[in-house]
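Proteins come first, then strands; the chains are lettered A, B, ... in the order of their sequence lines, and each starts at number 1.
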Protein chains: 2
Amino acid sequence: MSLRFALLGLLDVQPSSGYDLTQRFARGIGSYAWSAKHSQIYPELRKLTDEGLIEITETGARGRKTYAPTPAGREELRGWLLGKPNAGGARNEFVLRLFLLSSLEPEEAVAVLDGTLRFAREQEALLEQEFAAAVAEAGVPSGSSPGLAARYGIHSYRALAEWADWARAAIAGDPTFGHRR
Amino acid sequence: MSLRFALLGLLDVQPSSGYDLTQRFARGIGSYAWSAKHSQIYPELRKLTDEGLIEITETGARGRKTYAPTPAGREELRGWLLGKPNAGGARNEFVLRLFLLSSLEPEEAVAVLDGTLRFAREQEALLEQEFAAAVAEAGVPSGSSPGLAARYGIHSYRALAEWADWARAAIAGDPTFGHRR
DNA sequence: GAGGCCATGTAATGAGTTACATGATTAT
DNA sequence: ATAATCATGTAACTCATTACATGGCCTC
């Protein structure tokens, strides 16, 4: 049920084709918020069109169709954003791994955490650049949607790095880690 | 495909019944890592049993069956943990909302962020207590799995709060926010 | 003995992935 | 011309949720 709102939201920021949306889900937003494949996107665009929530605003080469939300679609999106979020139900394989680390031997767990730490710092740096680019392009302000998203990523990767760093030390100093007999 | 590893991991930390696992998915781990309903858990436990990856170690009242991983199951889990994580594909409705905030009027977006900020601080405080309890119970060390998970939550809620705080200010200072005509 | 929670299961439906399939345009 | 990428769609399958269904145990 969230996919439709993800699509409405992305289209509201920037009218796009199914192909464009597929790319946008594969990077950025797809890493922390939501992701979908083209085989799910195209049928959903069809449904949204049939329900009058989006419309084709432009057609281009290779059968390309650019969609944008209709006023009804914007209302739908607003209603969802202002409604109560239903918590829970998160799915993140990457985080799941970290939660299950205690099934490894301490040295192995430390090695995994080292990898995590490197990865988190890398991503953080990457997003820092992206954010700078967004700011530069938009002029002065930074509260535009690409900026918000990049900044969110920066904060969460920094948190991940800090945690990994702490966890590494905690495991090393915990003789009971791994509860192996 | 991740569900089976989530189950193996949870059972490795603490042998449990399907009912117990359902509860564990509903709180803690279910908020950031993975979640599942009992109707998915029971059939998966059956499959894992048939494949010899877990076994019933105890039966109790009301048909209660306590499962634990077999050596083969532990190997399976280890293999997955040490393998390469396939990135992307995260799903988090809560974060999705935040990404789509620019479809609201500035004042509305700020109100949502205020709610987010309160929520994040609340959760952080709650986990801080939980962590303290985990440390107290386990004796001195803090690297045991409940401690790791709680600590992860603390870091990510703190990051969320920091971001929400920043985003609030950024939106207020951005005249182009909401790109409404 | 009644109400609540513990405990397990199945069926129907919906969401999401992988694989199959096709063709137009662009750059080299 | 040929390879890469753009662009859309469908089919088969697996994963996940909601709803249906049943019964035992425990407390009051």
Side-chain angles (χ1 to χ4, degrees), chain A residues 1-8 10-11 14-27 29-31 33-51 54-67 80 86-93 96, chain B residues 1-8 10-11 14-27 29-31 33-51 54-67 80 86-93 96:
Chain A
M1 191 80 289
S2 290
L3 174 63
R4 62 172 34 213
F5 299 108
L7 293 175
L8 281 169
L10 289 176
L11 292 177
Q14 165 82 41
S16 313
S17 66
Y19 187 85
D20 294 338
L21 290 165
T22 306
Q23 311 306 111
R24 290 166 77 189
F25 273 122
R27 34 184 14 267
I29 192 170
S31 313
W34 209 263
S35 84
K37 314 275 168 161
H38 79 276
S39 55
Q40 200 188 0
I41 293 169
Y42 287 115
E44 189 68 33
L45 288 173
R46 162 67 62 104
K47 265 203 263 175
L48 287 167
T49 309
D50 290 347
E51 294 175 36
I54 61 175
E55 62 189 349
I56 297 172
T57 55
E58 203 187 325
T59 56
R62 280 162 289 197
R64 178 189 170 92
K65 291 175 262 181
T66 302
Y67 294 89
W80 181 74
N86 51 5
R91 292 231 151 71
N92 191 329
E93 188 181 317
L96 177 60
Chain B
M1 194 78 285
S2 290
L3 175 62
R4 62 173 34 213
F5 297 109
L7 293 175
L8 281 169
L10 289 176
L11 292 177
Q14 164 82 40
S16 313
S17 66
Y19 187 85
D20 295 337
L21 291 164
T22 306
Q23 311 305 112
R24 291 166 78 187
F25 272 123
R27 33 181 18 266
I29 194 171
S31 313
W34 209 264
S35 82
K37 314 275 172 168
H38 79 276
S39 55
Q40 199 188 359
I41 293 169
Y42 288 114
E44 190 67 33
L45 288 173
R46 163 66 62 103
K47 265 202 264 176
L48 287 167
T49 308
D50 291 348
E51 293 175 38
I54 62 176
E55 62 189 350
I56 297 172
T57 56
E58 202 189 324
T59 55
R62 279 162 289 195
R64 178 188 172 93
K65 290 175 262 181
T66 303
Y67 295 88
W80 182 74
N86 52 3
R91 293 229 149 75
N92 190 330
E93 188 182 317
L96 176 60

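In the helix from C:dG1-D:dC28 to C:dT28-D:dA1, the rotation axis of the first five pairs and that of the last five pairs differ in direction by 30°, rounded to 10 degrees.
Rounded to whole angstrom, the span from the CD atom of A:Glu58 across to the P atom of D:dT8 amounts to 12 Å. Protein atom NE2 of B:His38 is 11 Å distant from nucleotide atom C1' of D:dT17, rounded to whole Å. In this structure, B:Met1 places its CE atom 17 Å from P of D:dC13, rounding to the nearest Å. Look at CG on A:Leu3: it is 15 Å from P on D:dT17, rounded to the nearest Å.
Residues meeting the side chain to side chain contact (heavy atoms under 4.5 Å, CB included) test with A:Arg64, sequence neighbours left out: A:Ser17, A:Asp20, A:Thr66. Scanning for side chain to side chain contact (heavy atoms under 4.5 Å, CB included) contacts around B:Lys37 gives B:Ser39, with sequence neighbours left out. Qualifying side chain to side chain contact (heavy atoms under 4.5 Å, CB included) partners for A:Glu55, counting only residues two or more places apart in sequence or in other chains: A:Thr57, A:Thr70. Residues passing the side chain to side chain donor-acceptor pair (under 3.5 Å) test with B:Ser16, sequence neighbours excluded: B:Arg24. Residues passing the side chain to side chain donor-acceptor pair (under 3.5 Å) test with A:Glu51 are A:Arg4, sequence neighbours excluded. By the side chain to side chain donor-acceptor pair (under 3.5 Å) test, A:Ser35 is found to be paired with no residue, residues two or more places apart in sequence or in another chain being considered. Legend: residues meeting ring-ring contact (aromatic ring centres under 6.0 Å, His included) with A:Phe5, ordered by chain and number and at least two apart, are A:Trp80. For the side chain to side chain contact (heavy atoms under 4.5 Å, CB included) test, residues two or more places apart in sequence or in another chain that qualify with B:Ala90 are A:Asn92.
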Distances for protein N or O near nucleotides 2-7 of chain D N or O, under 3.5 Å:
{"residue": "D:dC6", "atom": "OP2", "partner": "A:Tyr19", "partner atom": "OH", "Å": "2.4"}
{"residue": "D:dC6", "atom": "O5'", "partner": "A:Tyr19", "partner atom": "OH", "Å": "3.2"}
{"residue": "D:dC6", "atom": "O4'", "partner": "A:Arg62", "partner atom": "NH1", "Å": "3.0"}
{"residue": "D:dA7", "atom": "OP1", "partner": "A:Arg64", "partner atom": "NH1", "Å": "3.1"}
{"residue": "D:dA7", "atom": "OP2", "partner": "A:Arg64", "partner atom": "NH1", "Å": "3.0"}

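Extent of DNA chain C lying under 4.0 Å from chain A heavy atoms, first and last nucleotide in 5' to 3' order, is C:dA15 to C:dT25.
With B:Tyr67 as reference, B:Leu11 is the one residue of B:Leu21, B:Leu11, B:Leu48 to meet the side-chain contact (heavy atoms from CB on, under 4.5 Å) rule.
The side chain of B:Gln40 contributes an N or O atom lying less than 4.0 Å from OP1 or OP2 of D:dT17.
Taking each heavy atom of A:Ala6 and A:Phe25 in turn, the nearest pair found is CB-CZ, 3.9 Å.
Backbone-only contact: A:Arg91 has heavy atoms under 4.0 Å from sugar-phosphate atoms and none from a base.
For the atom pair CG (A:Leu7) and CD (A:Glu44), the distance works out to 6.0 Å, reported to the nearest 0.5 Å.
Nucleotides of DNA chain C nearest to B:Ser39 and B:Gly89 differ in position, and the one nearer the 5' end is that of B:Ser39.
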